Structure formats: C-alpha cells, structure tokens
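Everything below concerns the one structure shown next.
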Amino acid sequence: MAFSDRKSLIPSYLYSTTSANSSKNLSTALDNHHGNMDKKNFLIEAPKEGSGYKVEMYTPAFYAASTIGGILSCGLTHTAVTPLDLVKCNMQIDPAKFKSISSGFGILLKEQGIRGLFRGWAPTFLGYSAQGACKYGFYEYFKKYYSDLAGAENAVKYKTLIYLAGSASAEVIADVALCPFEAVKVRVQTQPGFARGLSDGLPKFVKAEGAAGLYKGIVPLWGRQIPYTMMKFASFETIVEQLYKHAIPTPKDQCSNTTQLGVSFAGGYLAGILCAVVSHPADNLVSFLNNAKGATVGDAVNKLGLWGLCTRGLPLRIFMIGTLTGAQWGIYDSFKVFVGLPTTGGAAPPAQK
C-alpha cells in the first residue's frame with residue numbers, strides 16, 4: 001500500500017523504520033514539536049513511497065495484520081507444545097502419580113498411546129488463537145493510545161510503563177476470550193474418560209457446571225496471564241533494544257530480515273523464561289481449580305503448599321514457555337515483515353534536547 005506524501009499519527013519512539021529518510025523525518029518532527037509537548041498527538045511523517053512498507057502504521061489494516069499475526073503466533077505454538085502442556089497439567093493436579101517429566105510422559109504413553117499426548121489440542125488451538133488475536137492486536141492499539149495520552153516527552157520517559165499498561169489492558173480482554181476453552185482443555189487433559197475433546201467436552205462441562213462454570217477460573221487466569229503478558233511484552237521490548245544496542249554491531253535498520261527475526265526469537269526466549277517464573281503460581285491454581293468442581297484457592301494451597309505452588313512443574317514450564325514465547329515473537333514479527341511492517345522493538349528512544 002503506497003503512502004505518497006500522506007501523514008499519520010505515530011508515536012515517536014515505538015517503531016524504527018528501515019530507511020534513513022524515515023529516521024531523519026523522525027528527528028525533524030521531534031525538533032519541530034519540542035515546544036508543543038503538552039499535546040496528546042504529535043505528527044511525524046509517515047514513511048515515503050519506496051521505503052519498503054506495504055501497510056500504513058496505525059490504520060485498520062495495521063491492526064488487522066497485528067491480529068492475524070497474533071492468531072498465528074499463539075494458536076500454532078500452543079498447539080505444537082500440547083504434549084508438554086499435558087504433562088505439566090497432570091504434574092500439577094496429581095503430583096503423587098506424575099512425579100517427573102520423564103515419568104509423566106511414560107505414564108501417558110503407556111495409558112493413552114501417542115494420540116493421547118495431543119489430547120485437548122482443539123480447545124488449545126481455538127482458545128489460544130482467540131487469545132493471541134486480542135493480545136497482540138489490542139497491545140498495538142493500547143500502546144499507541146497510552147503514548148498519545150502521555151504526550152511525546154512522557155511517552156519517551158515512561159516507555160516501560162506504557163509497555164506494561166498496554167499489555168495488561170490487552171490481556172484483560174484476551175483472557176475473556178480464552179477462559180472457556182482453557183476450562184474445557186484442563187478438564188479433558190487431566191480427567192481421563194471425561195471427554196475426547198472440545199466437541200463433546202464443552203457441552204458436558206456446561207451440563208455439569210452451567211455456562212458460568214466456564215468462567216470460574218477467570219480471576220486466577222487473569223492472575224496468571226496479566227503478569228505473564230506484562231513481563232512478556234515489556235521485557236521483550238527492553239531486551240531487544242539492549243541486544244541491538246550492545247550485542248549487534250550493525251544498526252537495526254541496516255540488519256537483514258533474517259538477523260532481525262533471529263533477535264526477535266532470542267529476545268522472546270529470554271522474556272519467556274521471566275514470564276514462566278512470574279506467572280507459575282497462578283498457573284498451578286488455574287489447573288487445580290479447573291480440575292475439581294467446587295475447588296477453592298485454599299484447597300490448592302493446602303494440598304500443594306506455597307512452595308509447591310511456586311515450583312511444581314516449573315522446570316518444564318520454563319522450557320515450554322521460553323520456547324513458546326521465542327517462537328511466538330518469531331512468527332509474529334515474520335508475519336509483520338511479510339506484510340511490509342517493521343519488526344517489534346529495537347529502536348532506542350530519541351534523545352531529548
């Protein structure tokens with residue numbers, strides 16, 4: 001999509017461009033508007049025709065691309081690691097039987113065969129596709145919205161707070177989309193014989209606990225996913241910026257797409273490790289509450305203990321979430337590159353004069 005000489009409202013620091021002209025435009029715009037920092041919106045020239053962009057930033061097409069990228073990144077990756085998730089959930093629910101990762105895989109293979117390792121793939125795919133659509137699409141929206149509210153100077157000064165607020169706001173919405181699928185997934189994966197999958201598990205779940213039962217885990221899900229997503233996005237943006245600043249000898253706008261996508265994967269993997277540690281106690285609670293009718297947070301604490309809530313299944317989840325998050329950022333940024341958008345992060349904020 002060609003832009004000609006049109007202008008668009010673009011926050012000053014959130015995206016780098018791939019052309020020297022765009023960087024020059026960015027600096028010029030900041031200088032010209034330094035005296036008007038109290039305005040909520042500030043104009044920066046959109047990339048000129050020939051800059052390599054196909055989709056204009058912050059248009060409906062941009063948010064649609066972000067949404068599709070989120071569907072691909074979350075739906076595909078979570079489905080691919082279904083066997084790991086299955087073992088993790090069973091270790092959380094029945095630690096006496098599933099004592100370790102290796103023994104957990106062995107027990108499931110013996111009792112259910114190879115196909116049993118992918119039990120619950122359908123609610124996983126649909127649930128995390130819906131979540132990914134909201135997570136990434138609304139993150140891009142709220143990131144711009146909050147930076148516009150803050151104004152140019154504060155948007156640069158408090159960029160990490162904007163990342164945190166934008167990702168938290170997006171995840172509140174994303175979890176509403178995920179929660180019913182997550183409830184069915186956990187029940188299918190941890191109660192053999194309950195259902196074969198989503199098609200028979202969903203109506204059976206609703207019949208047993210009512211439609212409201214699908215959302216009984218929404219608060220612990222928020223407790224797990226909101227800190228996870230805040231860490232995922234804010235740490236990713238920071239790590240990628242630091243990688244380009246200290247580890248990559250070439251400026252981002254001069255790096256190949258392959259290098260940039262490699263940085264996205266590495267930054268995502270490191271961010272995923274932090275995500276797993278921060279959100280793991282709530283992850284144990286979600287699994288426990290969705291597995292047993294009438295279960296409470298107190299029941300989970302009494303059975304697993306505080307140490308168990310923080311550590312039960314954690315090594316497997318670190319490996320799973322690190323790989324998952326790295327792959328998600330790689331897929332998301334690959335799709336952005338495919339439609340002609342820049343990869344996420346990596347641009348240091350412009351210096352204030």
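Note that the structure is a prediction, hence the values are computed from the model and not measured.
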### Message
Determine whether a donor-acceptor pair (N or O, by modelled atom type, separation under 3.5 Å) exists between the side chain of Thr59 and the backbone of Glu56.
### Response
yes
### Query
Do you reckon Val87 sits in the same ILVMFWY cluster as Phe194, going by side-chain contacts under 4.5 Å, direct or chained?
no
#### Entry: Arg224/Asp175 salt bridge by N-O under 4.0 Å criterion
no
### Query
To the nearest 0.5 Å, how far apart are CG in Leu202 and CZ in Arg187?
12.0 Å
### Task
Group every Ile, Leu, Val, Met, Phe, Trp and Tyr by side-chain heavy-atom contacts under 4.5 Å, then state whether Leu243 and Ile273 land in the same group.
no
### Message
Under a 3.5 Å threshold, yes or no: a donor from one side chain and an acceptor from the other, between Glu171 and Thr229?
### Response
yes
### Task
Taking the side chain as every heavy atom from C-beta outward, state whether Trp222 and Val176 have any atom pair closer than 4.5 Å.
yes
### Task
Can you sort out the partners of Phe98 under ring pair (Phe, Tyr, Trp, His ring centres under 6.0 Å), two or more places apart, ordered by chain and number?
none
### Task
Please answer whether the main-chain N or O of Asn90 pairs with a side-chain N or O of Asp94 as donor and acceptor at a distance below 3.5 Å.
no
### Query
Is there a side-chain hydrogen bond (donor to acceptor under 3.5 Å, both in side chains) between Thr325 and Tyr228 once you walk through the steps?
CA-CA 11 Å; Thr325 308; Tyr228 166 88; 3.3 Å; yes
### Query
Can you tell if the side chain of Ser287 reaches within under 4.5 Å of the side chain of Thr190, non-hydrogen atoms only?
no
Taking distance alone, no hydrogens or angles, what donor-acceptor pairs closer than 3.5 Å link side-chain atoms of residues 297-306 to residues at least two apart or in another chain?
| residue | atom | partner | partner atom | Å |
| --- | --- | --- | --- | --- |
| Asp299 | OD2 | Thr296 | N | 3.1 |
| Asp299 | OD2 | Thr296 | OG1 | 3.1 |
| Asn302 | ND2 | Gly298 | O | 3.1 |

### Task
List the steps and the verdict of salt bridge (Lys or Arg N to Asp or Glu O under 4.0 Å) for Glu209 and Lys204.
CA-CA 9 Å; Glu209 302 194 30; Lys204 194 171 182 179; over 6 Å; no
### Task
Going by the ring-ring contact (aromatic ring centres under 6.0 Å, His included) test, name the single residue among Phe62, Tyr128, Phe335, Trp329 that passes it with Tyr136.
Trp329
### Query
Is the closest side-chain heavy-atom distance between Ser334 and Phe338 below 4.5 Å?
no
### Task
Not counting sequence neighbours, which residues clear ring pair (Phe, Tyr, Trp, His ring centres under 6.0 Å) with Tyr146? List them please.
Phe142
### Query
Do Val184 and Leu214 touch side chain to side chain, with heavy atoms closer than 4.5 Å?
yes
#### Entry: Interatomic spacing from CZ in Phe125 to OG in Ser129 - rounded to 0.5 Å
4.0 Å
#### Entry: Atom of Lys135, atom of Ala170 and distance for their closest heavy-atom approach
O-CB, 3.5 Å
### Query
If you look at every heavy atom in Lys336 and Thr343, which pair is closest and at what distance?
NZ-C, 4.3 Å
### Task
Only counting residues at least two apart or in another chain, list the ones meeting salt bridge (charged side-chain N to carboxylate O under 4.0 Å, His left out) with Lys97.
Glu111
### Message
Is the shortest side-chain heavy-atom distance between Gln112 and Leu117 below 4.5 Å?
### Response
no
### Query
In the hydrophobic clustering that connects Ile, Leu, Val, Met, Phe, Trp and Tyr at side-chain heavy-atom distances below 4.5 Å, which members other than Leu261 occupy its cluster, ordered by chain and number?
Val337
### Task
Return yes when atom CZ of Phe105 has more than 12 non-hydrogen atoms of other residues, nucleotides or ligands closer than 6.0 Å, and no otherwise.
yes
### Query
Taking all non-hydrogen atoms of both residues, which atom of Val240 and which atom of Gly267 are closest, and how far apart?
CG2-CA, 4.3 Å
### Query
In a check of ring-ring contact (aromatic ring centres under 6.0 Å, His included) between Tyr139 and each of Phe233, Tyr63, Phe236, Tyr332, which one passes?
Phe233
### Check: Lys232 and Gln328 side chains under 4.5 Å, non-hydrogen atoms
yes
### Message
If you compare all heavy atoms of Glu140 against all heavy atoms of Ser66, which two are closest, and at what distance to 0.1 Å?
### Response
CG-OG, 3.4 Å
### Message
For a quick test of reading the model, state the closest non-hydrogen atom pair linking Cys89 to Gln189 and the distance between them.
### Response
SG-OE1, 3.8 Å
#### Entry: Nearest-0.5 Å distance, CD1 of residue Ile93 to NZ of residue Lys88
9.0 Å
### Message
I'd like to know if the side chain of Ser169 reaches the main chain of Gly166, judged simply by a donor and an acceptor atom lying under 3.5 Å from each other, with no hydrogens or angles considered.
### Response
no
### Message
Regarding Asp85 and Lys185, does a basic nitrogen lie under 4.0 Å from an acidic carboxylate oxygen?
### Response
yes
#### Entry: Between Thr259 and Ser256, a side-chain donor and acceptor under 3.5 Å
yes
### Query
What is the distance from atom OG of Ser279 to atom CG of Leu285, rounded to the nearest 0.5 Å?
11.5 Å
### Message
How long is the straight-line distance from CD1 of Ile331 back to CG of Leu76, given to the nearest 0.5 Å?
### Response
5.5 Å
### Query
Is any side-chain heavy atom of Met57 less than 4.5 Å from a side-chain heavy atom of Leu341?
yes
### Message
In this structure, would Met320 and Leu309 fall into the same cluster of hydrophobic residues linked by side-chain contacts under 4.5 Å?
### Response
no
### Message
Do Val186 and Val219 sit in one hydrophobic cluster, given that two such residues count as connected whenever their side-chain heavy atoms are within less than 4.5 Å of each other, even indirectly?
### Response
no
### Query
What distance separates Ile321 CD1 from His280 NE2, expressed to the nearest 0.5 Å?
10.0 Å
### pair Tyr244-Cys255: side-chain heavy atoms closer than 4.5 Å
yes
#### Entry: Ile318 with Ile239, same ILVMFWY side-chain cluster at under 4.5 Å
no
### Message
Suppose clustering is done on Ile, Leu, Val, Met, Phe, Trp and Tyr with side-chain heavy atoms closer than 4.5 Å. Which residues sit in the same group as Trp307?
### Response
none
### Message
Looking only at the side chains, is there a donor atom on one of Ser100 and Ser103 sitting less than 3.5 Å from an acceptor on the other?
### Response
yes
### Message
I need the minimum non-hydrogen distance between Gln131 and Leu178, along with the two atoms involved.
### Response
NE2-CD2, 3.6 Å
